[in-house]
Structure formats: structure tokens, C-alpha cells
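The shown structure was predicted, so the numbers you read here are calculated from the model rather than taken from an experiment. Order of the sequence lines fixes the chain letters, A, B, ..., with proteins taken first and strands second; residue numbering starts at 1 for each chain.
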There are 2 protein chains.
Amino acid sequence: MVAVAGGRKKISESTIRRLSLYYRVLSVLEKENYQTVSSRELAKREKLTPAQVRKDLSFFGSFGTRGLGYPVSELKKQIGEILGLNRVWNVALIGVGNIGSALVGYKEFLRQGFRIKVIFDNDQRKIGSNHKGIKVSDIQNLEQDLRENNIEIVVIAVPATVAQYIVDDVVKAGIKAILNFAPLNLKVPPDVFLRNENMSMELEYLSFALKNLQDGKGTIK
Amino acid sequence: MVAVAGGRKKISESTIRRLSLYYRVLSVLEKENYQTVSSRELAKREKLTPAQVRKDLSFFGSFGTRGLGYPVSELKKQIGEILGLNRVWNVALIGVGNIGSALVGYKEFLRQGFRIKVIFDNDQRKIGSNHKGIKVSDIQNLEQDLRENNIEIVVIAVPATVAQYIVDDVVKAGIKAILNFAPLNLKVPPDVFLRNENMSMELEYLSFALKNLQDGKGTIK
DNA sequence: TAACATTTGTGAAGGATTTCACAATCGTGT
DNA sequence: ACACGATTGTGAAATCCTTCACAAATGTTA
Ligand SMILES: NC(=O)c1ccc[n+]([C@@H]2O[C@H](COP(=O)([O-])OP(=O)(O)OC[C@H]3O[C@@H](n4cnc5c(N)ncnc54)[C@H](O)[C@@H]3O)[C@@H](O)[C@H]2O)c1
Ligand SMILES: NC(=O)c1ccc[n+]([C@@H]2O[C@H](COP(=O)([O-])OP(=O)(O)OC[C@H]3O[C@@H](n4cnc5c(N)ncnc54)[C@H](O)[C@@H]3O)[C@@H](O)[C@H]2O)c1
């Protein structure tokens with residue numbers, strides 16, 4: 001699904017997602033003072049296969065030492081480099097309701113380099129108020145504020161009914177990356193990256209799994 | 001990845017995830033008073049291909065009429081049946097902090113048949129308090145309360161540091177389906193279904209995409 | 001220095017998923 | 001009653017992704 005055209009490589013979406021997992025494990029290993037880690041250990045910690053780990057990494061270079069494994073800190077740095085985590089991204093959040101508030105209160109994002117710099121809402125009672133040190137801006141000033149703050153990633157946490165209108169404006173403002181929590185398929189131009197956070201989908205997956213268990217249709221593995 | 005053993009079919013995880021999308025679109029179409037819908041239209045609304053839609057559905061039966069398409073309400077009901085959505089699931093939430101509160105306040109889940117029936121926390125200030133009409137229970141009574149309330153799905157929204165201990169208890173209580181928000185790979189027995197909601201992963205995917213854009217490595221499609 | 005145990009990096013094989021392409025079938029209009 | 005346009009359902013082909021299997025390379029030990 002994901003191909004770097006013009007470049008040499010074809011990196012699958014799954015590989016990129018697994019890089020996130022490796023990065024997370026490496027952070028833990030670093031804290032646990034591991035110097036090196038084998039593909040076997042790395043795989044075990046995320047329920048993957050060693051071959052998968054090595055293949056994923058091989059798309060980007062040779063980071064390991066044969067007979068030894070991978071240097072933990074160095075590999076973490078390298079994957080961070082690949083994923084673009086060795087810097088701070090300016091993020092805007094639109095809609096500070098249930099889920100929006102939760103995101104603003106989550107310090108882990110900042111630690112990973114995602115800084116929520118601006119928050120937008122259209123509720124007069126919320127505009128101007130403070131959320132974790134960030135003043136809520138009026139959605140009226142969306143385009144201008146996005147540009148002035150050099151926002152690179154926008155998180156959509158508004159009701160589904162208005163999400164498309166807002167995204168249209170976000171795109172107009174030149175934003176190229178959007179994380180969407182509203183349960184609908186947003187339309188964006190092909191040069192805009194869109195990811196959806198779909199919690200219902202995960203619950204429905206569990207529902208499906210349980211149902212098949214209960215129907216005695218056999219075990220799902 | 002997902003196989004119904006003992007049964008006849010092999011249903012991929014991707015297919016199940018797409019069923020969720022079809023279900024969502026069909027709900028919209030139903031509201032828009034569509035009688036029938038073609039695989040072409042269904043595909044367009046979720047950025048898939050018509051062949052994909054037909055193939056997915058064909059794993060479960062023949063729901064359409066050649067020359068006409070699929071009957072909207074009927075297909076929605078059928079997919080609901082497949083996913084186990086035509087009933088109510090009893091859900092427990094553990095950890096009513098930032099994200100937990102957001103989930104409790106989200107009415108859409110109930111509408112989809114996921115009823116948060118019990119909430120657990122270990123914070124004395126929270127235990128006994130009310131969240132949207134649900135009294136917060138003491139995590140001490142976890143096993144007993146899970147059983148007494150016939151809980152079938154547990155949502156984990158506690159800090160990563162304690163998540164594994166809690167999941168161990170949840171598994172002991174006989175729960176077979178877990179949705180996890182904590183950023184770690186939980187260990188569960190093979191007969192327990194575990195899904196992870198990993199927001200960092202999605203942000204990191206966007207980060208990767210933007211970085212590759214900016215490095216002029218070409219366009220990512 | 002040489003033998004050994006270990007683990008990487010990677011082509012090739014295998015498996016899974018998606019797309020293609022078309023016969024089969026339906027509703028409609030005449 | 002029949003012809004036509006539309007659309008499904010599905011084997012087969014194509015593509016994509018994962019796993020295998022092993023040569024190459026390293027650190028260690030004697
Ligand atoms: N709460 C959850 O747990 C949850 C889970 C999954 C998905 N979602 C989705 O996330 C989105 C937000 O959910 P929520 O529960 O936080 O809803 P909410 O109603 O609590 O929050 C929505 C916020 O958006 C603001 N808003 C509304 N219209 C706006 C506009 N035109 N411009 C700017 N701001 C506007 C509202 O003032 C409010 O603050 C919804 O699409 C919902 O379906 C929520
Ligand atoms: N807030 C977010 O936006 C967000 C995003 C992604 C992931 N997460 C993850 O979700 C989890 C919860 O995040 P949060 O921001 O809501 O944290 P939080 O600290 O606001 O909430 C955690 C809750 O768990 C409770 N808790 C702690 N230990 C417990 C125990 N042993 N038994 C029962 N309850 C216990 C706390 O009292 C608190 O109410 C974390 O693992 C976090 O990494 C949060």
C-alpha cells in the first residue's frame with residue numbers, strides 16, 4: 001500500500017507499523033540497560049517472528065552485527081530517524097470534547113515528539129479557556145492559526161457530522177497529515193495522508209471473535 | 001491470521017475489519033433511504049474496490065441480486081449478524097482517567113451494542129463516584145464483579161505499568177476478549193482475544209509519511 | 001590462529017490477499 | 001416473451017507479504 005516512488009524502495013504499511021512496535025520495545029530495553037538485542041528477543045516481545053524483524057529492518061539498512069544482534073540505543077536512534085521521531089512535530093487538535101480532552105492530557109505524545117500546540121473548538125464556552133496550558137482557539141481562525149503555528153499534523157476530534165467540512169478547511173490550509181477519530185471516511189486529496197482511529201472496529205472485531213466462539217463454529221486462532 | 005478451525009472458512013482479519021466499514025456505510029445509506037446499493041457504490045464510499053466488496057461478502061453467502069445490487073437494510077442486518085452486533089455485549093472498563101472517561105461518555109458504543117456496565121479504578125477518590133450513571137467499583141472486587149455482571153469484554157485504560165497485572169486477573173476471571181489502550185504488548189493465553197488501540201502508531205505513521213515527503217524521497221501513495 | 005557458536009542479511013519459496021475477468025442472473029422495457 | 005443493460009459471484013491470475021533456509025560474518029575461547 002505504501003510505496004516510495006522515485007526512490008528505490010517499496011515499504012509496506014505493515015512494516016512501518018511494526019517499526020513503531022520495535023521502537024517501543026527498544027525504548028524499554030534501553031531502560032532495562034540492554035546493550036544489544038537479537039531479532040529473536042525483539043520478535044518475542046511483540047509476538048512476531050525473528051525473520052520478520054530482520055526483513056523489516058533490512059529494507060532500511062544493516063543495523064546489526066552477525067553473531068551479536070542489534071545495538072539497542074543505536075537501533076532505536078536509527079528507527080527514530082526512519083519514522084521521523086528525532087524531532088518535534090507541531091500538532092493541532094480540533095474539537096476538545098470527550099476524546100479531545102483525553103488527548104490533550106496525554107503527556108506521552110509530547111515525549112514522542114508530538115506537541116499539541118493549538119486547540120480549536122466552536123463552543124463559545126470553551127473558546128479562550130485553558131486546557132493543560134493551551135488556550136482554546138476559535139475554529140473561525142482555523143486557516144490563519146494553522147499557518148501561523150506551522151502546524152504539520154491535525155487531529156480531528158469533532159462530531160462526524162461536521163468532520164468533512166472541517167477537514168476541507170484543514171486541507172485548504174495546506175495540511176498534509178490528518179489523524180481522524182470521527183467514524184466516517186473522510187475525503188482528502190491524494191497528497192494528504194489520512195489515518196483513522198476506529199475504536200468501534202476493534203470492538204466489533206472482538207464481537208465477531210466471541211460470536212464465533214459461542215456459536216461453536218470452532219476456535220479462532 | 002484469523003481462521004475458523006473446525007469450520008469451513010478462512011476469514012482474514014482484513015475482511016472482518018472491512019465488514020465493520022460496510023456496516024457503517026450501510027447504516028448511513030439506510031438513513032439516506034437507499035433501497036439497494038451496488039458493490040461499486042459501497043466500495044466508493046470506503047475507498048475500496050468493487051471486487052473486494054463482493055469477495056468479502058461472498059465468504060459469508062450470497063446477499064445480492066445480479067443486475068440490482070444489495071438490499072441495504074437486509075445486508076446491514078446480515079453483516080450485523082456476522083459481526084455479532086444484533087445483541088448487547090456487557091463491557092467493563094478498567095481505569096477511569098483521561099481516556100477511560102472519554103469512553104464512558106461516548107454514547108455511540110451503546111448504540112452499537114456495547115454497554116459499559118461496570119467501571120473499575122483503584123483511586124479511592126474515584127471509587128463510589130458516579131460516571132454517567134455508573135458507579136465506579138473498587139478494582140479489589142474485580143473478579144467477583146466481572147462474574148456477577150456477566151462481563152464479556154474488558155477495556156483496559158490504566159497506565160502501562162500496571163496493565164499486565166490487571167490483565168492477568170481479568171483472564172483469571174474467565175474473560176475472553178480484551179481491548180487494550182495501554183502502549184505495551186500484553187501477554188494473554190491463546191484462547192483470549194486481544195486487540196490493541198495504538199494511537200502512537202498512527203501518529204508515527206503520519207510522521208514517517210511526512211518525513212519521506214520532506215526528504216524529497218518521492219511521493220508516498 | 002583456528003575452531004566454534006551465534007546471529008545477521010537476504011534470495012527464494014511459500015502463503016495470503018487482492019484484483020481480474022467473465023459467465024450467470026436479474027429487472028426492466030418493449 | 002424476449003432482448004438488453006446492469007451487476008453479482010467466483011475461479012484464476014496477479015500481487016503482496018511472510019517465512020524459510022543458509023551463506024556470510026562476527027565475537028569468544030582455547
Ligand atoms: N468519546 C469517545 O470515546 C470516542 C470514541 C471513538 C470515536 N469518537 C469520535 O470522536 C469525535 C469526538 O467525540 P467526543 O466524544 O469527544 O464528542 P464531544 O461532543 O464530546 O466533543 C466534540 C467537540 O467538538 C466541538 N465541535 C463541534 N462542532 C465543531 C465545529 N464545527 N468546529 C469546532 N469544534 C466543534 C464541540 O464543541 C466539542 O467540544 C466524534 O466524531 C466521535 O464519534 C469518540
Ligand atoms: N489519554 C490518552 O489520550 C491516551 C492515548 C493513548 C493511550 N493511552 C493509554 O491509556 C492508558 C490510560 O491513559 P490515561 O491518560 O487515561 O491515564 P490516566 O492516568 O488519566 O488514567 C489512568 C486511570 O487508571 C487508574 N488506575 C491506576 N492504577 C490502577 C490499578 N492498579 N487498578 C485500577 N485502576 C488503576 C487511575 O486511578 C486512573 O484513573 C495509559 O496506558 C495510556 O498510555 C492514553
* Once you round it to whole Å, what is the distance between C1' of dC16(D) and CD1 of I11(A)? -> 13 Å
* Base dT8(C) to side chain R66(A), donor-acceptor N/O within 3.5 Å cut-off -> yes
* From the list dC22(D), dC17(D), dG11(D), which nucleotide is the closest neighbour of the side chain of S14(A)? -> dC17(D)
* Write down the distance between CZ (R17(A)) and C1' (dT18(D)), rounded to a whole number of angstrom. => 17 Å
* K76(B)/E30(B) ion pair, N-O < 4.0 Å -> yes
* To do: Would you mind telling me which of dA16(C), dG9(D), dG9(C) lies closest to the side-chain atoms of R54(B)?
  => dG9(D)
* Could you work out which one of dT17(C), dT10(C), dT8(D) sits closest to the side chain of K55(A)? => dT10(C)
* K10(B) has an atom NZ; how far is it from atom P of dG15(C), in whole Å? -> 10 Å
* For the pair made of CZ in F63(A) and P in dT26(D), what is the distance, rounded to whole Å? -> 17 Å
* Structure fact -> Whole-Å distance, F59(A) CZ to dC16(D) P, equals 13 Å
* Starting at the 5' end of DNA chain D and moving along, which residue's nearest nucleotide shows up first, G69(B) or T15(A)? -> G69(B)
* Structure fact -> R17(A) and E202(B) have their tightest heavy-atom pair at NH1-OE2, 2.8 Å
* Asked: Roughly how many Å is it from CG in L68(B) to P in dG29(C), rounded to a whole number?
  -> 12 Å
* Does the side chain of Q164(A) pick up a donor-acceptor pair with the side chain of D168(A) at under 3.5 Å? -> yes
* Asked: Nearest-Å distance, CG (D56(A)) to P (dC16(D))?
  -> 17 Å
* To do: Rounded off to whole Å, could you give me the CG-to-P distance for the L57(A) and dT8(C) pair?
  => 9 Å
* Which residues, if any, of residues 35-48 of chain B bring a heavy atom under 4.0 Å of DNA chain D? -> S38(B), S39(B)
* Asked: So, is S12(A) close to the dC16(D) phosphate, meaning a side-chain N or O under 4.0 Å from OP1 or OP2?
  -> no
* In terms of side-chain geometry, is the basic nitrogen of R195(B) or E13(B) positioned less than 4.0 Å from the acidic oxygen of its partner? -> yes
* Thinking salt bridges, do E152(B) and R87(B) make one under a 4.0 Å N-O criterion? -> yes
* Structure fact -> Assert: residue with more 5' nearest nucleotide on DNA chain D, out of Y70(B) and G67(A), is Y70(B)
* Asked: Among the nucleotides dA21(D), dT18(D), dT8(D), which one has an atom lying closest to any side-chain atom of Q52(A)?
  -> dT18(D)
* **N-O pairing of R45(A) and E32(A) below 4.0 Å** => yes
* Look only at the side chain of T36(B) and the backbone of P71(B), and say whether a donor-acceptor pair between them is shorter than 3.5 Å. => no
